[in-house]
Amino acid sequence: MNPTIFNTLTRKKETLAPAVAGEPFKMYCCGPTVYGPAHIGNFRTFAVQDVLRRILEESGMKVVHVRNITDVDDKTIRSSRAEGVSLKEFTLKWERKFHEDCGKLGLLVPTVEPRATEHIAEQIAMVEELVKSGHAYATPDGSVYFKISTFPEYGELSGLDKSSLKTQNVNSAGEANSADEYERDSVSDFALWKGRKPEDGDNFWKSPWGEGRPGWHIECSAMAAKYLGKSFDLHGGGIDLCFPHHENEIAQSRCSLHVDTPARFWFHSAHLMVEGQKMSKSLGNLYTLDDLAAKGFTPMQIRFALIAGHYRQQLNFTFKGLEDAKSALSKMQKSLTALLDALKISKEDFAKFVHAGARFEGTDFEPAWNSLCDDVNVPKALGEIFSAFADKSARKTLADIEAFGGLMYALGLDVFADAHDEVIEEAPEEIRALAQERWQAKKDKNFAAADALRGKIEAAGWQVFDTKEGFNLKKI
RNA sequence: GGCGUGGUAGCCAAGUGGUAAGGCAAGGCUCUGCAAAAGCUUUAUUCGUCGGUUCGAUUCCGACCCACGCCUCCA
């Protein structure tokens, strides 16, 4: 079954396949601006893209996945200068942190992860072509702007009316857009190249228009074209990038590369709310992986929570939701363990089934796979996974286990991850002595004393629970 | 103002012109001295409101109410 997605460009659900049969599926996803730790909102988008890539691979396609690193912009320059370190040193630090977090969340490493600063020449070449073909103009301050009036299709992706953009003089925050700051012909013309300013410090490059740096949008167009060709299969990003970023990319790529469209499919994921509110610094709800780890949540639980809602639906990220994810993951682990035991398959052998290319036809997990192929419907697929486990009438076979392994690959879930990572903390000597004392009291049927001792142990921060031949201690 | 999305049980969340998946939580039962854990099980006459189309609508149409997103900071 071929996967489908909702294509923002056509506003229809469409079947995904490479443009040319037999070629890899080429996808470009807008990556992070590395000026600080990425938050869960960023990771929702990357996790959804990761699931999409895994579904494509699971369905038998080879995927070339390009995700850029934006290592030059206002924020990176400002922050690096504030810290008194070079832009390179600053961005590399946050790039490493980003990669570390991606690894924890089980995100597959992109095929290519190009940095904007290492593709200045490509960006300049693209801007030059735009100037040459009359789609861009330079201003006296050494900047270059894209002239939107030369591109009638502008606004096609986001459905925004170009004429209204032109007259837009106030942004959503009610602030006046500084129309004359850069001497633009039109307020909606966007920067391809920014002339050097004092606050850029020593972060500038030479160009035909003088010293400066690339604009926000040109890097993606240039790098996508370099690594995936003038026209590739899919372009993804958060919904906020639909306009203006992707709209601008389309304008740049079409006008400089002279193609019908840079990407056939456009894939946008909805934003995240936190406890019912928009994420923002002022509300203090911009959680990072480290913030959540400090509260005791594991990356796998976070991944589950991030993908458990449909990607085109705004997700309300809550601590309750994280607890739910934890329980659901644990239930999945128990169900799988019982199944593996019944079929005498070890966890190690099961791990070998977690790969691309599983067969789903005729298995109990076929409905779940079909749901994933239907516009990445993860919530439906999860429901069908639990239903399949609950259905005892169908006796599971090795084929079912293999299919489940395929689903785990597609979702990027490792149900045993937290079990592996869980450190069985050894209780201190005095706690163990108390527990031993309680065990003896219990054996002597002195239950009042046993319960009193349990209270003492719990007060000390440990929980005791009995097994057939003894007791276990767990830190609360 | 323009464009767009959504309102389904206590919470999260699928779904369909033919009578509501799943997860969490909660209750009951089994097990246990009691717990914990585990297993089994129960829980929406109803899908924002009001109309319309239809044999039949949560699903289609219209109006309204509410929430949210984008309209050059944002994943």
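So you know, we letter chains A, B, ... as the sequences are listed, proteins then strands, and number each from 1. The figures here come from the full heavy-atom set of this structure, side chains too, leaving out hydrogens, waters and symmetry mates.
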Inset, instruction - Ignoring backbone atoms, test whether K331(A) places a side-chain nitrogen or oxygen under 4.0 Å from the OP1 or OP2 oxygen of rC24(B). - result: yes

Legend entry - Residues which pass side-chain hydrogen bond (donor to acceptor under 3.5 Å, both in side chains) with E437(A), listed by chain and number, not counting sequence neighbours: none

Review item, side-chain donor-acceptor pairs of residues 376-385 of chain A, under 3.5 Å, at least two apart:
residue, atom, partner, partner atom, Å
N377(A), OD1, K380(A), N, 3.1
E384(A), OE1, S371(A), OG, 2.5

Legend entry - Residue list, side-chain contact (heavy atoms from CB on, under 4.5 Å) with S256(A), at least two apart or on another chain: M126(A), E129(A), L130(A)

Pairs under 3.5 angstrom, nitrogen or oxygen only, protein versus nucleotides 19-21 of chain B, please.
residue, atom, partner, partner atom, Å
rA21(B), N1, P379(A), O, 3.4

Legend entry - Test: K97(A) and D101(A) ion pair at under 4.0 Å: yes

Inset, instruction - Output the single nucleotide from rG15(B), rC70(B), rC73(B) whose closest atom is nearest the side chain of K75(A). - result: rC73(B)

Legend entry - Nucleic acid contacts - residues 308-320 of chain A versus RNA chain B, non-hydrogen atoms under 4.0 Å: H310(A), Q313(A), Q314(A), K320(A)

Inset, instruction - Please state the C1' separation for the pair rA44(B) and rG7(B) - nearest whole angstrom. - result: 16 Å

Are there any protein N/O atoms within less than 3.5 Å of an N/O atom in nucleotides 31-36 of chain B, and if so, which ones and at what distance?
residue, atom, partner, partner atom, Å
rG33(B), O6, R438(A), NH2, 3.4
rG33(B), N1, D451(A), OD1, 3.1
rG33(B), N2, D451(A), OD2, 2.7
rC34(B), O2, R454(A), NH2, 2.5
rC34(B), N3, R454(A), NH2, 3.3
rC34(B), N4, D466(A), OD2, 3.0
rA35(B), N1, D466(A), N, 2.9
rA35(B), N3, R454(A), NH1, 3.2

Legend entry - side-chain contact (heavy atoms from CB on, under 4.5 Å) against S387(A), all qualifying residues, sequence neighbours excluded: none

Inset, instruction - Under 4.0 Å between any heavy atoms, over every strand shown, what does G41(A) touch: base, sugar-phosphate, or nothing? Just pick one. - result: base

Legend entry - N248(A): partners by side-chain hydrogen bond (donor to acceptor under 3.5 Å, both in side chains), with sequence neighbours left out: Y154(A), H217(A)

Inset, instruction - Return the 5'-most residue of the pair S327(A), P32(A) with respect to RNA chain B, ranking by each residue's nearest nucleotide. - result: S327(A)

Legend entry - Nucleotide nearest F386(A) (side chain, heavy atoms from C-beta), chosen from rG23(B), rC73(B), rA37(B): rG23(B)

Inset, instruction - Determine whether the side chains of D290(A) and T288(A) contain a donor N or O and an acceptor N or O closer than 3.5 Å. - result: no

Legend entry - Pairing residues for D451(A) by the salt bridge (charged side-chain N to carboxylate O under 4.0 Å, His left out) criterion, not counting sequence neighbours: R454(A)

Inset, instruction - Output yes if the stacking criterion (under 5.5 Å between centres, under 30° between planes) is met for H39(A) over the base of rA75(B), else no. - result: no

Legend entry - Whole-angstrom distance between rU8(B) and rA67(B), as gauged at atom P: 14 Å

Inset, instruction - Please say whether more than 12 non-hydrogen atoms of neighbouring residues, nucleotides or ligands are located less than 6.0 Å from CZ in R395(A). - result: no

Legend entry - Gap in Å between the two P atoms, one belonging to rG28(B) and one to rA36(B), rounded: 12 Å

Legend entry - C1' spacing across the pair rU32(B) / rA37(B), given as an integer number of angstrom: 10 Å

Legend entry - Basic-acidic side-chain contact under 4.0 Å: R67(A), D50(A): no

Inset, instruction - Taking S79(A) for its side chain and K75(A) for its backbone only, find out whether a donor-acceptor pair lies under 3.5 Å. - result: yes

Legend entry - Intra- and interstrand pairs of RNA chain B - dot-bracket, Watson-Crick/G-U under 3.5 Å, | marks other strand: (((((((..(((.....[...))).(((((.......))))).....(((((..]....))))))))))))....

Inset, instruction - Output all residues satisfying side-chain hydrogen bond (donor to acceptor under 3.5 Å, both in side chains) with N446(A), sequence neighbours left out; order by chain, then residue number. - result: none

Legend entry - Salt-bridge contact D374(A)-K13(A) (side-chain N to carboxylate O under 4.0 Å): yes

Legend entry - Set of side-chain hydrogen bond (donor to acceptor under 3.5 Å, both in side chains) partners for N68(A), sequence neighbours left out: Y28(A), T70(A), E219(A)

